[in-house]
Amino acid sequence: MSKPRVIWWIRTDLRLHDNLALQAALDLGPEAFWPVWTWDPKYVYRTRVGCNRWQFLTDCQRNLSESITKLNKKSKLFLIREAPQTLFPKLFKAWKITHLVFEKDTDPYGKDRDAVIIKAAQEAGVEVIVKHGRTLWDSDELVEKNHGKPLMSISQVQAAGLKVGDIARPMSAPISVPDPGTTDMSFEQQPSIPKPDFQRDRERQDKSYEKLIGPNGDFAVPTLEELGIPAATSQIRGGETEALKQLNKILSDKKYTATFAKPDTAPTAFEPQSTTLLSPHLHFGSLSIREFWWGVQNVLKEHKGKHSEPPTSLLGQLLFRDMYFGAQAKLGYSFNQTLYNDHCRFVPWHLPSRVDHETKRVTGDYHIDSPEAEEWFQRWKWGRTGFPWIDALMRQLRQEGWIHHLGRHAVACFLTRGGCYISWERGADVFEEWLLDHESACNAGNWQWLSCTAFYAQYYRCYSPIVFPQKTDKDGAFVIRYCPELKDLPAKYIYEPWKAPLQDQKKAGVRITGDGKDPEKGTYPKPMFDFSERRNICIERMKTAYKVNLYGNDSKAIDGTWKTLFADSAEGPTERNSFKDAMKQDGDEDNIQQDDTGKGHEAVKEKGEEAAETDGDNKRGDIGGSKRKRALGCTLDGFVRKSKK
DNA sequence: GCTGTGTTGTTCGT
DNA sequence: ACGAACAACACAGC
């Protein structure tokens, strides 16, 4: 038998340290060894990824490629611009591959894709080696030890984890890698079909597929320029080198590491942030979860005095991550949506997802059942709600790709059960696009947690956008950083600027006016509703939803007959009007839309959703951001661009 | 069936 | 600063 010719297929493990798949590949003693990344159109076009995460991903790829080259001048990350499903069969033949090695992926698409590749490899006589690696325990084993059920609580994770076994100690990075063999690419590239393109940030046509191995014929990592994506606005950078530096910084502060308690960290802190900022590295695998786990364990072993415990400790945070992976492992695609999800409570939120009942999956489009809710959603997304705490967080999310965990709680509660009564799936879509650390399992899980549809049920505990931030930031330094137009307002009004007398507004050079749709310079919008009124309405409705007690897989939830069960829970219009009257005091027109028929109101659609609904007539690039938002008569996007500077 | 606890609420009292 | 009431869910352990 000839010596192994091995492809190390990298997807979720952009690192050299503690890499089980890499080690398994090297253990084969290959005569030829290629580190390969396939440029999957599913990610390039069909996953919502903002400019900051594109930057972070390509940072990780470039850093890994450089690190490989340091080990062997002839080697690097071979980034090939084609879908793995069509590429690998050709590559197996052209490079005479004997083994394909990769880290086990966890999300439903990843599992489907890998099943296709494994089959193709077997047909080509290529041996496949799959190594679990990106979670503490293999999520499928965790489910098995949890009696075949999804992991829904931290105690279940701890119990099942004990049964699965010890968490492996991290391995160090290899000191050398074998030469690659031929890099002959004399086969046809299967053209990629870009439509529909979910990338709202894409400014120009994507060119990353123009040549199979890149514009210079060197397998290089694509630039944002090639992708047609504008420069990142975040300062946070990716790569294994960065990740290990950051981890060491955290671990060298032994007291911080040993006594970390999540609920006590401040969501208003910045530089340094009160949490580790390691989650994006866990997502892309530029940091090994075991390196993190055992690094903390080593500090705990030496620490004298009290240390924190799960679930609030650093290790507890990692356990929560495994919990969400363990829920998704069992529930599959349904975990990321309400309908057909038998563990997600059905709540008749506004703006619910459309579902394809054939595939039982969401289409990416949604029902605009209430124009008012759609407007609230847009104002939430673009940081123009008129609640400075919420707006500052949403602007931070967009600019930095990161917000503190408790900040995520605040905006998620506000959008769903504690304010807007809008489907958590709308919020999850926005987080998917903008978060550097977006992880589909954690995102879906946390949104269900915060919306009290799974994992958590105390819906009467509701975050106030005024009181909550005051606990850690009385003067609103955090708000002022992201809403600088409020910087000269007296501190006592910083979380409720609409209460500032006109004289104070004048002195501060800001007018609290307008509905956030077309903000004039020197203004900050009025709040889009009375918060305590909305909180009461939401809690009432949650109570009803809990009483009705439907889950996402219930036929009544799916076929729409749930409506009869919620008949007496309509919103009281009188309450709302009292707030609107109050807001008219200074003579400004109150523009909160009250178009109950929806007539004359052009629905705003997300780019990909629009394309998904129509039958593909849209030319790519036709659906520009500004055009899309003009449909609402709304120049929020204009505000966004301005604020980027 | 009862009781205590659950990573991360708010308001009001002392 | 701390504790209780608010109005009240789910689950584990007994």
Side-chain angles (χ1 to χ4, degrees), chain A residues 146-147 149-162 256-269 273-276 279 296 306-324 326-327 342-347 387 389-390 393 403-419 442 445-474 478 495-496 530-551:
Chain A
N146 194 45
H147 320 289
K149 292 187 178 132
L151 283 291
M152 299 304 286
S153 77
I154 210 68
S155 54
Q156 289 172 357
V157 173
Q158 287 169 309
L162 272 175
Y256 172 89
T257 301
T259 61
F260 181 95
K262 187 59 139 304
D264 299 341
T265 59
T268 47
Q273 279 80 5
S274 55
T275 48
T276 66
S279 51
V296 175
K306 257 182 148 170
H307 63 76
S308 51
E309 297 274 359
T312 60
S313 64
L314 274 181
L315 297 181
Q317 308 312 298
L318 302 183
L319 292 174
F320 273 111
R321 185 172 174 273
D322 261 48
M323 177 180 81
Y324 291 134
D342 59 3
H343 278 70
C344 179
R345 267 182 194 281
F346 175 80
V347 174
F387 294 94
W389 168 236
I390 301 298
L393 287 165
I403 44 179
H404 185 279
H405 188 66
L406 294 180
R408 300 181 196 197
H409 280 212
V411 297
C413 180
F414 185 88
L415 183 72
T416 58
R417 66 181 168 84
C442 301
N446 276 317
W447 274 96
Q448 285 170 65
W449 182 300
L450 262 302
S451 61
C452 290
T453 48
F455 300 101
Y456 188 73
Q458 287 163 249
Y459 54 78
Y460 42 89
R461 291 192 176 172
C462 178
Y463 290 91
S464 157
I466 293 117
V467 171
F468 183 70
Q470 282 174 340
K471 276 194 293 197
T472 51
D473 187 10
K474 204 78 192 159
F478 176 84
Y495 293 113
E496 21 190 7
D530 179 281
F531 173 71
S532 61
E533 211 169 80
R534 286 299 308 176
R535 171 172 49 196
N536 293 339
I537 289 167
C538 285
I539 288 177
E540 265 324 292
R541 289 180 172 190
M542 291 302 289
K543 208 191 286 184
T544 307
Y546 267 69
K547 217 176 282 166
V548 170
N549 198 30
L550 292 180
Y551 283 79

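All figures in this text were calculated on a predicted structure; none of them were measured in a lab. Chain identifiers are assigned alphabetically (A, B, ...) following the order of the sequence lines, protein sequences preceding nucleic acid strands; residue numbering begins at 1 within each chain.
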Practice task
To the nearest Å, give me how far apart NE2 (A/His147) and C1' (C/dC11) are.
Solution key: 14 Å
Exercise for the section: Look at A/Gln156 and C/dC11 and indicate whether a side-chain polar atom (N or O) is within less than 4.0 Å of OP1 or OP2. Expected result: no
Completion exercise
Residues at least two apart in sequence or cross-chain that pass side chain to side chain contact (heavy atoms under 4.5 Å, CB included) with A/Tyr551, listed by chain then number, are A/Arg345, A/Asn549, A/Asn553
Problem - Nucleotide-resolved protein contact map, nucleotides 7-14 of chain B, B/S/- at heavy-atom distance under 4.0 Å - result: BBBSS---
Practice task
Would you kindly give the CD-to-C1' distance between A/Gln458 and C/dC6, to the nearest whole Å?
Solution key: 13 Å
Handout entry: P-based separation of C/dA4 from B/dT5 [nearest Å]
Key = 14 Å
Handout entry: Side-chain (A/Tyr256) to main-chain (A/Ser274) donor-acceptor, under 3.5 angstrom
Key = yes
Handout entry: Separation of C/dC9 C1' from A/Gln448 CD (nearest whole Å)
Key = 17 Å
Exercise for the section: Say whether, by atom type as modelled, one donor and one acceptor occur between the side chain of A/Arg417 and the main chain of A/Leu450 under 3.5 angstrom. Expected result: yes
Problem - Donor + acceptor pair across side chains of A/His404, A/Thr265 (<3.5 Å) - result: yes
Practice task
Report the distance from atom CZ of A/Arg417 to atom C1' of C/dC9, rounded to the nearest whole Å.
Solution key: 12 Å
Handout entry: side-chain hydrogen bond (donor to acceptor under 3.5 Å, both in side chains) pairs, two or more places apart, involving residues 312-322 of chain A
Key = A/Lys262-A/Gln317
Problem - Watson-Crick and G-U pairing of DNA chain C, under 3.5 Å, as dot-bracket with | and [ ] - result: ||||||..||||||
Problem - Interatomic distance, A/Lys149 NZ vs C/dC11 C1' [rounded to whole Å] - result: 13 Å
Exercise for the section: Would you check if the side chain of A/Thr257 reaches a backbone N or O of A/Val296 as a donor-acceptor pair within less than 3.5 Å? Expected result: no
Exercise for the section: Please confirm whether the backbone N or O of A/Pro469 pairs with a side-chain atom of A/Asp473, one donor and one acceptor, at under 3.5 Å? Expected result: no
Completion exercise
Rounded to whole Å, OH of A/Tyr546 lies from C1' of C/dC9 at a distance of 6 Å
Practice task
With sequence neighbours excluded, tell me which residues meet side chain to side chain contact (heavy atoms under 4.5 Å, CB included) with A/Asp264.
Solution key: A/Ala261
Handout entry: By side chain to side chain contact (heavy atoms under 4.5 Å, CB included) - contacts of A/Asn146 (at least two apart)
Key = A/Lys149, A/Leu151, A/Gln156, A/Ala160
